Undergrad: 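Mind looking over this structure? Questions follow.
Just so it is clear, the structure is predicted and the values come from calculations on it, not from any experiment. A, B, ... follow the sequence lines: proteins, then strands. Residue 1 opens every chain. Every heavy atom of this structure was used, including side-chain atoms; hydrogens, water molecules and symmetry mates were not.
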Amino acid sequence: MEKWINKLDKPLMMPITRRQKENENVDTFFFEHSINSQAGQFVMMWIPGVDEKPFSIAYDTGTELGLAVAKVGPFTEELFRLKVGDKVGIRGPYGKGFWKADGAKKVVMVGGGYGVAPLLNIAEELVQDEVDIHFINGARSKDLLLFQDRLNNLEAEIYTTTNDGSHGIKGLVTDPIKEILKKEKIDLVYICGPELMEKAVFDICEASGINCQISIERYMKCGMGVCGACAVDGTGEPMCIKGPVVDSKTVRGITEFGKYHRSGSGVKNNF
Amino acid sequence: MPDISINLAGIKFSNPTILASGILGVTKDSLKYVVKNGAGGCVIKSISKEERKGHNAPNMHAIEGGFMNAVGYSNPGLEKAKKEFTNLKDVGGPVIASIIGTDADEFAYMAENLLSEEFAAVEAVLSCPHTPGYGTLAGQGTPEATEEITKKVRAKTKLPLFIKVSPESQPIGEIAKAAEAAGADAISATNSMGPGIHLDIYAKKPILHFGMGGVSGPALRPIAARCVSDIYQSVKIPVIGIGGVTCGRDAIEMMLLGASAVQVGTAVYYRGAEVFKKITDEIEEYLKQEGFESVNDIIGIIHEKQWKNG
Ligand SMILES: Cc1cc2nc3c(=O)[nH]c(=O)nc-3n(C[C@H](O)[C@H](O)[C@H](O)COP(=O)(O)OP(=O)(O)OC[C@H]3O[C@@H](n4cnc5c(N)ncnc54)[C@H](O)[C@@H]3O)c2cc1C
Ligand SMILES: Cc1cc2nc3c(=O)[nH]c(=O)nc-3n(C[C@H](O)[C@H](O)[C@H](O)COP(=O)(O)O)c2cc1C
Ligand code: FES
């Protein structure tokens, strides 16, 4: 019998082993769990009796899994009520993450919000291969900036932008990237953050003929390529298995990128 | 090369593998993607009159040898679906609409208002096991309800009409006869079975948020196969085999038992969207090995042999 019959995706209950406050609105929840993930992959987290939702893997040390969660609605509010020792169900890792591209020796990473964590994971790997990294971390204001400590430990050129100028460069992540591209030949740009930010950076890279890897989040129910909730217009591909990380060539075929996404019932919502 | 195209209720399919409703199929472009991966045709995710959010997640998970789901018919509703499913030629294969309703009149309303001539056919689903107000939970799995719903939908559309039945409706031959008498052009057999329950023993709760759900995949296959066999022997209209078809062997089994085509759902979980191409190749391989010139030559033949053998 072929191996496919052995597939058995269901949540595994495990306790929250520690919790770390990242900013006013984001906490990282840790689990003692060897998930063996690639940077940019995600898990489905189940709170019994509540719901099940997708979260990117923010930390994977081999023995510990960390998920950085922003409190934005009913599920995440419920999660923030849980304490160390309380159990949730985890399944995954799912999806296609960021990858090391052949010949990419100088790269830029552009992150916003919890999107910085997956980028940090690939950056920490690329540093081992002596890839030159410019890392741009953007937020609306100083107190919303995430993972600054982890970023400062990274061997990379770090740029911080805030819309209000409360920290680093006043402006958007697109400002430093324009400057970098003027000065240097960049081989690849990694992007993970709010979609309109991603689109703005992607457009700049397209104009300069630079390839990107972009994480595209869509409404996800199954994470296994079955329900179709996360299929994007243009290619029709489910982002939970063909993404979330896709390259520029794929993004060009995704007609809804930067324009709209669908709700859990399939209704289009503009960004 | 053996001929693998089929003609079902007047519709030509390039091969006998059709996407089952509720797997991908939420958008037109996802249908395009499935056809690109080798499906001979596709059924859209079922559409209701109003938008439905569906049940909270988990909506689905695997079990040993099968799959459980309780999606709860999430869909954008009739008006938005009408806009979504236009210019269906782009899909590259026949597109079958899927409609649900809380009663026969609502089914008729759906048929009258959703169905453009761009659809190749319509499948009316009388058989969901886990959505209150619809399917078997609303008593639509009886011969009487089947006849009434089929008749009312029939009156509102000229498209070929498929009636999708539950493996829990027994004797299933009687359900098929009721649909045939009321004007159905084919029987889609079957929907998922159950509902069943699967707990997480540490959470001490069912994993599915709804508490129970339909069972599909390999676990369903022998039951669906027997339903196909019963229906084939009960009616003259064609039957479409659905339930756990994951490889060529399974599709051939359904067809030997009388299915004119198969629908494939859960197998997309096991083998990816490429499963359509894979199953088709595996069917072709079998036809070559066994010396059949056309896939049509295997439909229902085990019954003929049984009868011939007396
Ligand atoms: C691949 C992927 C990775 C993600 N990684 C993270 C992460 O690392 N940290 C984090 O805080 N959030 C992440 N999210 C988003 C996270 O899933 C949502 O914030 C969460 O589901 C919100 O649920 P809620 O009930 O609290 O809020 P709601 O009020 O239900 O929703 C708030 C927002 O979250 C979106 N959302 C709700 N449900 C889903 C769903 N099932 N799938 C996708 N989006 C949804 C809604 O569209 C809305 O914009 C990720 C999403 C995806 C698809
Ligand atoms: C996740 C999921 C969603 C489904 N949604 C629908 C649906 O909306 N309408 C419908 O008629 N059948 C639905 N079904 C049933 C399938 O179309 C099919 O009849 C059943 O799963 C058996 O086939 P399979 O074993 O190949 O999946 C769904 C099944 C699954 C697994
Ligand atoms: S989340 Fe279900 S197909 Fe992607």
Undergrad: Stepwise, does the side-chain contact (heavy atoms from CB on, under 4.5 Å) test hold for Trp4(A) with Thr246(B)?
TA: CA-CA 10 Å; Trp4(A) 52 256; Thr246(B) 318; 3.5 Å; yes
Undergrad: Who among Lys53(B), Glu51(B), Lys32(B) has the most heavy-atom pairs with chain A under 4.5 Å?
TA: Glu51(B)
Undergrad: Against chain B, work out which of Gly234(A), Gly264(A), Ser263(A), Ala231(A) has the most heavy-atom pairs shorter than 4.5 Å and name it.
TA: Gly234(A)
Undergrad: Please state whether the side chain, the backbone, both or neither of Val88(A) comes within less than 4.5 Å of a heavy atom of chain B.
TA: neither
Undergrad: Under 4.5 Å, counting heavy-atom pairs only, tell me which of Ala81(B), Pro58(B), Ser30(B), Gly217(B) racks up the most with chain A.
TA: Pro58(B)
Undergrad: Please state whether the side chain, the backbone, both or neither of Lys268(A) comes within less than 4.5 Å of a heavy atom of chain B.
TA: side chain
Undergrad: Given a strict heavy-atom distance threshold of 4.5 Å, which part of Phe67(B) is in contact with chain A: side chain, backbone, both, or neither?
TA: side chain
Undergrad: Assess whether atom CD of Glu50(B) is packed by more than 12 heavy atoms of other residues, nucleotides or ligands within 6.0 Å.
TA: no
Undergrad: As an exercise, state the distance from CG of Leu208(B) to CH2 of Trp46(A), rounded to the nearest 0.5 Å.
TA: 9.0 Å
Undergrad: Give me the atom names and distance for the closest heavy-atom approach of Cys222(A) to Met60(B).
TA: CB-SD, 3.5 Å
Undergrad: Please say whether more than 12 non-hydrogen atoms of neighbouring residues, nucleotides or ligands are located less than 6.0 Å from CG in Asn269(A).
TA: yes
Undergrad: Answer yes if the side chains of Lys221(A) and Ser74(B) hold a donor-acceptor pair under 3.5 Å, and no otherwise.
TA: yes
Undergrad: Would you say Lys7(A)'s side chain and Tyr269(B)'s backbone share a donor-acceptor pair under 3.5 angstrom?
TA: yes
Undergrad: Among the options Lys87(A), Met44(A), Arg91(A), Glu237(A), pick out the one with the most heavy-atom pairs lying under 4.5 Å from chain B.
TA: Glu237(A)
Undergrad: At a heavy-atom distance under 4.5 Å, which candidate from Val26(B), Val268(B), Ile207(B), Asn59(B) has the highest pair count against chain A?
TA: Ile207(B)
Undergrad: Is a side-chain N or O of Asp51(A) found less than 3.5 angstrom from the main chain of Ala57(B), in a donor-acceptor match?
TA: yes
Undergrad: NZ of Lys36(B): more than 12 outside heavy atoms within 6.0 angstrom?
TA: no
Undergrad: For the residue pair Cys227(A) and Val71(B), establish whether any side-chain heavy-atom pair is separated by less than 4.5 Å.
TA: no
Undergrad: If only atom types and distance count, is the side chain of Asn75(B) paired as donor or acceptor with the main-chain N or O of Gly266(A) below 3.5 Å?
TA: no
Undergrad: As an exercise, state the distance from OH of Tyr270(B) to CD1 of Ile5(A), rounded to the nearest 0.5 Å.
TA: 5.0 Å
Undergrad: Output the distance between atom OH (Tyr202(B)) and atom CG (Leu12(A)), rounded to the nearest 0.5 Å.
TA: 9.5 Å
Undergrad: Find the distance between OG (Ser265(A)) and NZ (Lys80(B)) and round it off to the nearest 0.5 Å.
TA: 8.0 Å
Undergrad: Distance check, rounded to the nearest 0.5 Å: Thr27(B) atom OG1 versus Arg262(A) atom CZ?
TA: 5.5 Å
Undergrad: Does atom CD (Glu118(B)) have a neighbourhood of more than 12 heavy atoms from anything else shown, all under 6.0 Å?
TA: yes
Undergrad: Checking His198(B) against chain A: side chain, backbone, both or neither under 4.5 Å from a heavy atom?
TA: side chain
Undergrad: May I have the step-by-step check of side-chain contact (heavy atoms from CB on, under 4.5 Å) for Lys10(A) and Met68(B), ending in yes or no?
TA: CA-CA 10 Å; Lys10(A) 50 180 174 178; Met68(B) 309 259 310; over 6 Å; no
Undergrad: Taking all non-hydrogen atoms of both residues, which atom of Lys205(B) and which atom of Gly49(A) are closest, and how far apart?
TA: CD-N, 4.0 Å
Undergrad: Looking only at heavy atoms and a cut-off of under 4.5 Å, which of Val232(A), Thr255(A), Val50(A) has the most pairs with chain B?
TA: Val50(A)
Undergrad: With rounding to the nearest 0.5 Å, note down the distance linking CD1 in Ile63(B) to CG in Asp9(A).
TA: 13.0 Å
Undergrad: Do Leu24(B) and Val226(A) pass the side-chain contact (heavy atoms from CB on, under 4.5 Å) test, and can you show the C-alpha distance, the side-chain angles, and the key distance before you say yes or no?
TA: CA-CA 6 Å; Leu24(B) 304 172; Val226(A) 174; over 6 Å; no
Undergrad: Is Pro218(B) close to chain A through its backbone or its side chain, or both, or neither, when contacts mean heavy atoms under 4.5 Å?
TA: side chain
Undergrad: Quick check on Glu84(B) against chain A: is it the side chain, the backbone, both or neither that has a heavy atom closer than 4.5 Å?
TA: side chain
Undergrad: Search all heavy atoms of Asp200(B) against all heavy atoms of Met13(A) and return the closest pair with its distance.
TA: OD1-CG, 3.3 Å
